[in-house]
Amino acid sequence: MANQSSRYPILCASFNQDNSGFAISTKDGFKIIDSNTGRLCYDRAVGAFIIVEMLYSSSLLAIVGAGEQPSLSPRRLCLFNTTTGAPLREMTFLTSILAVRLNRKRLVVVLQEKTYIYDSNSLSMLDTIDTVPNLKGLCAFSPSLEGCFLALPASTAKGAVLVYNVMELQLHCEIDAHRSPLAAIALSSNGKYIATASEQGTIIRVHLVSKATKSYSFRRGTCPSTIFSLSFAPSLQLPDILVATSSSGSVHIFSLGFETNQRTKMSGSFLGSILPYSVNDALDPAHHHVLHNAVSAGVRSYAVVRKVDKVADSSSSEIASCSGIIQARTCHSQSKN
């Protein structure tokens, strides 16, 4: 979806928890679109919104205004019912809302220096997390109830990430992922893996959440670039694919399943015995594919993997090939990460 018109810039673009639908907002209102068919599911022209978050394919939306009208304050969260066309509940905060995440049990509201956890059904506040200044509202959320984690920046000086167990309401771990501050974070849908990229944008790292240990290091490129988004494939077990978009306009695809086989094979070789895994991963480009000029360079973009199918590969008995459906969306807003 190339957003070439400056008359109707896209203020926000977001996919739902299973990537079956997505929402876009302009200065005139927001739309809900089916990812599979492109069908317009809902359209409401009531003003500008900077946040439109869906709860799967239900009628519930979490929306936050852009502040262009007094009734659409960026400090006010509205839980909206698309069936009735009426708000269910409104919540006002002291500062602007920078991000909202939700599943069937939890609602997360991210402000610049605080993050609030609510029960999705009763809307009772369960916990408050004091954070470092998070000007972009950077966060990641895994919607699975069995592995429901929230990731937030833990430092403004380096790429440290705080991982919080949203169901148990306790800190799970803190991971030092990069030397530079974070630019993007993503959790796999099952909460097993967390991917991070720093402001340098050359290396993307994947950690195992349960043990807070590094599993993969992927080199995006040698020149610095801003990573706009990271997204895992919707796998129930190992997330086979990780997708990244950057300011270069390219979409980068990393195969985690392939890299596991490569690592095992590499570790048995002479070179693998003397090089650490992180160096092996960065040196081996076979798991990295690039879609050049997928979107306009410099325009904020988001990409998700909607579906992954494993197919037989007659050329190798060790590595299974994958085919996938990837969707990308562009957004001209600079206020939301």
Side-chain angles (χ1 to χ4, degrees), residues 12-23 25 30 32 35 41-42 44 49-65 72-112 114-131 134 137-152 162-172 185-192 194 209 231-232 234 236 304 336-337:
C12 76
S14 61
F15 288 84
N16 65 356
Q17 291 81 356
D18 58 7
N19 300 331
S20 62
F22 63 92
S25 171
F30 62 86
I32 306 297
S35 296
C41 301
Y42 188 80
R44 187 169 179 85
F49 291 85
I50 54 171
I51 295 175
V52 181
E53 289 289 327
M54 306 167 63
L55 179 60
Y56 292 94
S57 297
S58 72
S59 60
L60 178 65
L61 298 178
I63 55 179
V64 178
L72 299 179
S73 168
R75 297 187 295 110
R76 181 180 301 150
L77 170 65
C78 175
L79 299 179
F80 186 81
N81 189 323
T82 58
T83 300
T84 62
L88 297 172
R89 177 79 177 269
E90 291 186 342
M91 306 165 67
T92 302
F93 298 84
L94 294 178
T95 60
S96 295
I97 301 168
L98 302 179
V100 176
R101 299 291 185 267
L102 71 163
N103 63 10
R104 294 186 174 94
K105 294 290 186 179
R106 295 290 186 261
L107 169 68
V108 178
V109 181
V110 179
L111 309 184
Q112 182 171 318
K114 287 185 180 294
T115 294
Y116 297 96
I117 313 295
Y118 296 88
D119 183 284
S120 292
N121 297 301
S122 66
L123 294 184
S124 58
M125 185 187 297
L126 301 176
D127 202 1
T128 302
I129 306 172
D130 293 320
T131 64
N134 186 8
L138 192 62
C139 67
F141 184 68
S142 54
S144 170
L145 298 182
E146 290 74 27
C148 189
F149 294 99
L150 171 69
L152 297 163
L162 178 150
V163 181
Y164 180 87
N165 190 313
V166 182
M167 298 306 296
E168 298 180 4
L169 302 176
Q170 64 182 16
L171 175 66
H172 176 72
I185 320 172
L187 280 159
S188 60
S189 59
N190 54 19
K192 288 188 176 183
I194 180 170
V209 172
S231 177
F232 284 99
L236 296 178
V304 301
K336 182 182 175 216
N337 195 15

Check [X] against [Y] and note the closest heavy-atom contact, atom names and distance.
| X | Y | result |
| --- | --- | --- |
| Ser73 | Val64 | O-CG1, 4.1 Å |
| Ser14 | Val52 | OG-O, 2.6 Å |
| Glu90 | Pro87 | OE2-CB, 4.4 Å |
| Gly137 | Ala99 | O-CB, 3.5 Å |
| Ser57 | Ser20 | OG-OG, 3.3 Å |
| Pro143 | Tyr56 | CB-OH, 3.7 Å |

Should the ring pair Phe93 and Tyr116 be called parallel, tilted or perpendicular, given that the plane angle runs from 0 to 90° and is split at 30 and 60?
->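 Rings of Phe93 and Tyr116: tilted, 30 to 60°.
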Check your understanding: Phe30 vs Phe80 aromatic rings, parallel, tilted or perpendicular, using cut-offs 30° and 60°?
Key ->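 Taking Phe80 first and then Phe30, their aromatic rings stand perpendicular (interplane angle over 60°).
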Main chain of [Y], side chain of [X]: is a donor-acceptor contact present, judged purely on distance under 3.5 Å?
| X | Y | result |
| --- | --- | --- |
| Thr92 | Arg76 | no |
| Ser120 | Asn103 | yes |
| Ser142 | Gly147 | yes |
| Gln112 | Thr131 | no |
| His172 | Val209 | yes |
| Gln17 | Leu102 | yes |
| Asn16 | Gly21 | yes |
| Ser25 | Cys12 | no |

Would you sort out whether Cys139 and Leu152 count as a side-chain contact (heavy atoms from CB on, under 4.5 Å), showing the intermediate values?
CA-CA 5 Å; Cys139 67; Leu152 297 163; 3.7 Å; yes
Atom pair [atom1] ([X]) and [atom2] ([Y]), whose distance is rounded to the nearest 0.5 Å:
| X | Y | atom1 | atom2 | result |
| --- | --- | --- | --- | --- |
| Leu79 | Leu88 | CG | CG | 6.5 Å |
| Met167 | Ile117 | CE | CD1 | 11.0 Å |
| Leu169 | Thr128 | CG | OG1 | 10.5 Å |
| Arg101 | Leu150 | CZ | CG | 9.0 Å |
| Asn121 | Arg106 | CG | CZ | 9.5 Å |

Does the pair Lys105/Asp119 count as a salt bridge with the N-to-O cut at 4.0 Å?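 Here Lys105 does not pair with Asp119 in a salt bridge, since their nearest N and O are not under 4.0 Å apart.
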So do [Y] and [X] actually touch side chain to side chain, heavy atoms under 4.5 Å?
| X | Y | result |
| --- | --- | --- |
| Asp127 | Tyr164 | yes |
| Phe141 | Val166 | yes |
| Phe149 | Ser144 | no |
| Lys114 | Asp130 | yes |
| Ile97 | Leu111 | yes |
| Tyr42 | Ser59 | no |
| Leu107 | Leu77 | yes |

Next item on the list: Determine, step by step, whether Tyr118 and Val109 satisfy the side-chain contact (heavy atoms from CB on, under 4.5 Å) criterion, reporting the C-alpha distance in whole Å, the side-chain angles of both residues, the deciding distance to 0.1 Å, and the verdict.
Entry: CA-CA 8 Å; Tyr118 296 88; Val109 181; 4.1 Å; yes
* Ser35 and Asn19: side-chain contact (heavy atoms from CB on, under 4.5 Å), yes or no, with the steps? -> CA-CA 7 Å; Ser35 296; Asn19 300 331; 5.6 Å; no
**Prompt:** Please walk me through it: do Arg44 and Thr82 pass side-chain contact (heavy atoms from CB on, under 4.5 Å)?
**Reply:** CA-CA 9 Å; Arg44 187 169 179 85; Thr82 58; over 6 Å; no
